[in-house]
Amino acid sequence: MNLDEMIALASRATPTPMEHARARRAVRNIRQEHARRISLGREITTDVDPQDPLAAGLDDIHRFSRAAELAKLGTVVWDARRGELVWSNEMAMILGVAPVALQPSITELFRLIHPDERATVRERITAAWRDGSVAEVTCRVIRPDRATVYVHCFMEAVVGSDGRRIGIVGTAQDHTEIEMARQENDRLARRYENVRTDLLDRDPVTGLLTRSRFLDEVDTARRLGTGTLLFVAAPPGSQKPAHADSGGVSDELTSATAESLRRLVRPADTCGLVGPSEFGVLMPYTTLESAIPIAEEIIGGLRDSPFLACAARLDVRGGLVRYGDRQVAESADLLIDAEAAWRRAAREGEPMHVLWQAPSEEERRATLGDRIRSAVADNRFALYAQPIWDLALNRVTRHEILLRVLDGAGRALPPLNFLDLAERVDEILPVDRWVLDQALRHVGQGPQTSHHQINVSGKSLADPTLIRHIEAAIRRYGVEPERLTLEITETALIGNRTEALRFADGLRDLGCKLALDDFGAGFASLGYLKYFPIDLVKIDGSFIQDLPRSPTDQVIVRSVVRLCRDLGIRTAAEYVQDDATMVMLGELGVDFAQGYHIGRPELVRTERHGPRSIELELRPYIADRSAM
C-alpha cells in the first residue's frame, strides 16, 4: 500500500480492520526504509513525513482505537506502559455488560470467555505480542445473563517510536449469526454426504397401564377366552383447568381418580389410562349380565367418592362391551365401541350404556367418519406454540406448533383418540391441511425470527398432493422455507417408505427441514437415518424424563447424540422437567430442549368460523402421557 492508497483509505467512513492493519504496516515500512537510507548516507532529495493519515498527532494506540470506533467495532486496549485495560462502549455491548457496571481488567475479560477457549485466546495474544504480528481468533463469550455469543477478534501488538512494544489493541465483532450460519452449512454438508437415495408400561402420573400396554392386555384376554371391557370417562364437571394446554384436567385430579378406581375394581381386573380422564377396566371371564352390577358399582363409587368431591365434581359415564364368542373385533375396535357406548350414555343422560350387539366394521367406520368430518366441517381447532431452547446459545430459538381440540364441554384434550380415529377412517389429511394452512399463516404474519416445527401425520405422506399444498401455502403466506421443519414420527415411516421418501425429498427441494419425532420409540430407527434426509432427531421423552437418575437413559442419549452428530443431524430432547435434566442434556451435547420446564404452549390466534374449538396435540401413534 502506497501513501496515496493510505490517504484514500483515510477518506473512507468505515475502514475495515484489515485495512487498518495494512496501513499500519505500510507506515512502519516507510519509517524503516527512511532510517535505513539515512544510515547509508544517501542523499534524500524528496521526502514526506510518515504520519499515519488516519489520525495525525495521536500515538499508535489512540489512532488504532479511533479508527475502530469509526468502523463501529468493539475495541479492547491494553497499555503495557500503564498496565491498564480499557474497552469501548461497543465492546461492552458485545460482552453484554453495562459500560460502567464492571471495571475492565484482564481477569474480568478472561472470565467472560468460554472456559474451553481461554487457552487458545491466550496463545494467540502471546503470539501477537512475541512476533509483532496480527492474530485472529473466534471464541465464545458467556454474557452475565448466561447467553452465549460468538466474537471474532483481531489483535495486534503496538510498537512505539523507539521500536519497543507498548501494548496490544484488539477489535471485535459479534459473529453469532455468521458462526451459526457456518455451523449450519457444515452440518448440512455432513448431512447430505451421509444421506442415501423398552416400552413404557405405566403412566408416570397415575401408575396405571398406558393405552398401548392396556390394549396389549386386551388382545391377550381375547385369545384366552371371553370377558367384558368397561370404558370409564370421568372428566371434571366444574373444575376450571389451570392451563389450557394441560388436557383440561390437573395431574392431581387424574391421579386421585385413578387411586379411587384401584380401590373399586376387583383384584383380577386390569386398569389402564386410555385418554385424558378416561380409563379402561378389563374384566376377563365375565358376561355382560354379570359385569353390569360390577360396572355400576365402579361408576357409582367414582361419582360418590368424598375425596374427589373436594377437588371437583366428576361427570362419570361408562360404556360396557363384551369380547369373545367368535368376535373378530381387535382390541382397538373394542375400545372404540366402548367409547361410543359412554358417549351415548352422555347423550341420553344415563350413567352407563351397555352395548349388547357389536357393530359391524362398516357401521363402525361410518360412525367414526361422521364424527371426524363433523369436527373438521365445524372448524373446531386451535393452534398452540411451545418454545424450544437452544442449549448452545442459552435462549429460545424455535417453537413447535401444536394442534389442540376442545370437546363438547369446552375442555382441552390431547390428540390421542381423535387423531387415531381420524387415521383409522382415512380422514386425517383434511386435519393436516388445516394445521399447515393456519400454522403457515401465523408464521407468515410474524417477523419470522424464530424457527417453527409442525407435525404431519404419517398417513398423509402417501397423498401426492400434500407437498404441492405445502408449497402453495408457503408462497401464499410468504413463509421463509428455511425456517420451517416438518415433523413425522418414526412409526409413520413404516407404512410406505417409498411415499415417505418422496415426501422428504420434496421438502428438501422446497428448502424446508425434516425432523424425526419420538426417536427410539420404534424398532427400526437406524435405517431411517441412513436413507432419509433427516435434519433433526427428537429423542423420545421416555429416555429424558428420568435422565439424571437413569444411567441406562444416559448411555442411550449419549449414543444417539454421537451418532447423529457424526451424520450431520441435530438432536432435541422432549419432556424436559427440571434444571438437572437441562444441565445433563448440555453435557451430553444435545442441541435443543423442549418441555414444561422451558415453557408451556401458548395460544396462537387463528381464523375460526365454527361455533367452538377442539384442542388436541398433533402426535399420531403416541399413547403414553410421558411423551406429551
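Taking the six-membered ring for Trp and thresholds of 30 and 60 degrees, His442 and His452 have ring planes more than 60 degrees apart, a perpendicular arrangement. In this structure, Trp434 and Phe381 have tilted ring planes: the angle between them lies in the 30° to 60° band.
The shortest heavy-atom contact between Gly318 and Ala345 is O-CB, 3.9 Å. Of all heavy-atom pairs between Ala341 and Gly319, the closest is CB-CA, 3.6 Å. Minimum heavy-atom separation, Val604 to Tyr384: CG2-C, 4.0 Å. The two residues Ser450 and Thr397 make their nearest non-hydrogen contact at OG-O, 3.3 Å. Minimum heavy-atom separation, Pro387 to Arg600: CD-O, 3.9 Å. Contact between Asp337 and Pro359 at its shortest, heavy atoms only, is OD1-CG, 3.6 Å.
Looking at Leu440 and Leu484, their side chains come closer than 4.5 Å, going by heavy atoms from C-beta outward. Asp390 places none of its side-chain heavy atoms less than 4.5 Å from the side chain of Val396. By the 4.5 Å heavy-atom criterion applied to side chains, His399 and Ile388 are not counted as neighbours. For the pair Trp342/Val232, no side-chain contact is recorded, criterion being any heavy-atom separation below 4.5 Å from C-beta on. Phe418 is listed as a side-chain neighbour of Ile372, based on a closest heavy-atom distance under 4.5 Å. Contact annotation: the side chain of Glu184 approaches that of Leu188 to within less than 4.5 Å [non-hydrogen atoms, C-beta and beyond]. Counting only heavy atoms from C-beta outward, the side chains of Val443 and Glu480 never approach each other to under 4.5 Å. Using a 4.5 Å heavy-atom threshold, the side chains of Leu507 and Asp505 count as separate.
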CA sep, side-chain torsions, deciding dist, call: Arg562, Arg565, side chain to side chain contact (heavy atoms under 4.5 Å, CB included): CA-CA 5 Å; Arg562 186 180 303 148; Arg565 180 173 294 169; 5.9 Å; no
Please step through side chain to side chain contact (heavy atoms under 4.5 Å, CB included) for the pair Phe214 and Leu229, ending with a clear verdict. CA-CA 11 Å; Phe214 180 77; Leu229 174 62; 3.6 Å; yes
Report the C-alpha separation of Thr552 and Phe543 in whole Å, then their side-chain angles, then the decisive distance to 0.1 Å, and conclude whether the side chain to side chain contact (heavy atoms under 4.5 Å, CB included) test is met. CA-CA 9 Å; Thr552 300; Phe543 303 108; over 6 Å; no
Test side chain to side chain donor-acceptor pair (under 3.5 Å) on Thr485 and His451; report intermediate values, then the result. CA-CA 8 Å; Thr485 293; His451 194 102; 2.7 Å; yes
Steps toward side chain to side chain contact (heavy atoms under 4.5 Å, CB included) verdict (Leu466, Val456): CA-CA 10 Å; Leu466 181 61; Val456 177; 3.9 Å; yes
Apply salt bridge (Lys or Arg N to Asp or Glu O under 4.0 Å) to Arg549 and Asp546, showing your working. CA-CA 6 Å; Arg549 297 164 293 277; Asp546 198 39; 2.7 Å; yes
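Taken from CG in Leu585 to OG1 in Thr571, the straight-line distance is 8.5 Å, to the nearest 0.5 Å. Leu486 contributes atom CG, which lies 11.5 Å from atom CG of Asp517 (distance to the nearest 0.5 angstrom). From Arg395, atom CZ reaches atom OG1 of Thr148 across 8.5 Å, with rounding to the nearest 0.5 Å. Once rounded to the nearest 0.5 Å, the distance linking CG of Leu516 with CG of Asp535 reads 11.0 Å. Rounding to the nearest 0.5 Å gives a distance of 4.5 Å between CD1 of Ile467 and CD1 of Ile470. Distance check: Leu429 CG to Glu423 CD gives 11.5 Å after rounding to the nearest 0.5 Å.
Tested against Gln453, the residues Lys513, Glu487, Glu400 include a single side chain to side chain donor-acceptor pair (under 3.5 Å) partner, Glu487. Here the options are Arg344, Arg317, Arg371, the test is salt bridge (Lys or Arg N to Asp or Glu O under 4.0 Å), and the partner is Glu339; only Arg371 passes. When each of Leu536, Asp540, Val560, Ile534 is paired with Phe519, the side-chain contact (heavy atoms from CB on, under 4.5 Å) condition holds for Val560 and for no other.
Under 3.5 Å, the side chains of Gln173 and Tyr150 contain no donor-acceptor pair of N or O atoms. For the 3.5 Å distance criterion, the side chains of Asp463 and Ser460 fail to qualify, holding no donor opposite an acceptor. A donor-acceptor pair shorter than 3.5 Å can be found between the side chains of Gln386 and Gln594. Looking at Thr210 and Asp203, their side chains never bring a donor and an acceptor atom within 3.5 Å of each other. A donor-acceptor contact closer than 3.5 angstrom links the side chains of Thr465 and Arg433.
In terms of modelled atom types and a separation under 3.5 Å, the side chain of Thr257 and the main chain of Leu253 share a donor-acceptor contact. Between the side chain of Ser559 and the main chain of Val555, a donor-acceptor pair closer than 3.5 Å is present. A donor-acceptor pair is defined here as one N or O able to donate and one able to accept, closer than 3.5 Å; no such pair exists between the side chain of Asp553 and the backbone of Ile544. Although no hydrogens or angles enter the test, the distance criterion places a donor-acceptor pair under 3.5 Å between the side chain of Arg143 and the main chain of Ile94. Judged by distance alone, with hydrogens and angles left aside, the side-chain atoms of Arg202 form a donor-acceptor pair with the main-chain N or O of Gly207 at under 3.5 Å.
For the pair Arg570 and Phe592, the cation-pi criterion (under 6.0 Å, within 45° of the ring axis) is not fulfilled.
With respect to Glu179 and Arg182, a salt bridge is recorded, a charged nitrogen being found less than 4.0 Å from a carboxylate O. Electrostatic pairing of Glu278 and Arg211 does not count as a salt bridge here, judged by no charged N lying under 4.0 Å from a carboxylate O. Under a 4.0 Å N-O distance rule, the pair Arg468/Glu471 does not qualify as a salt bridge. Using a cut-off of 4.0 Å between Lys/Arg side-chain N and Asp/Glu carboxylate O, Asp216 and Arg213 are scored as not salt-bridged. By the 4.0 Å N-to-carboxylate-O rule, Arg365 lies too far from Asp370 to be salt-bridged with it. Comment: Asp437 engages Arg476 in a salt bridge, judged by a side-chain N to carboxylate O separation of less than 4.0 angstrom.
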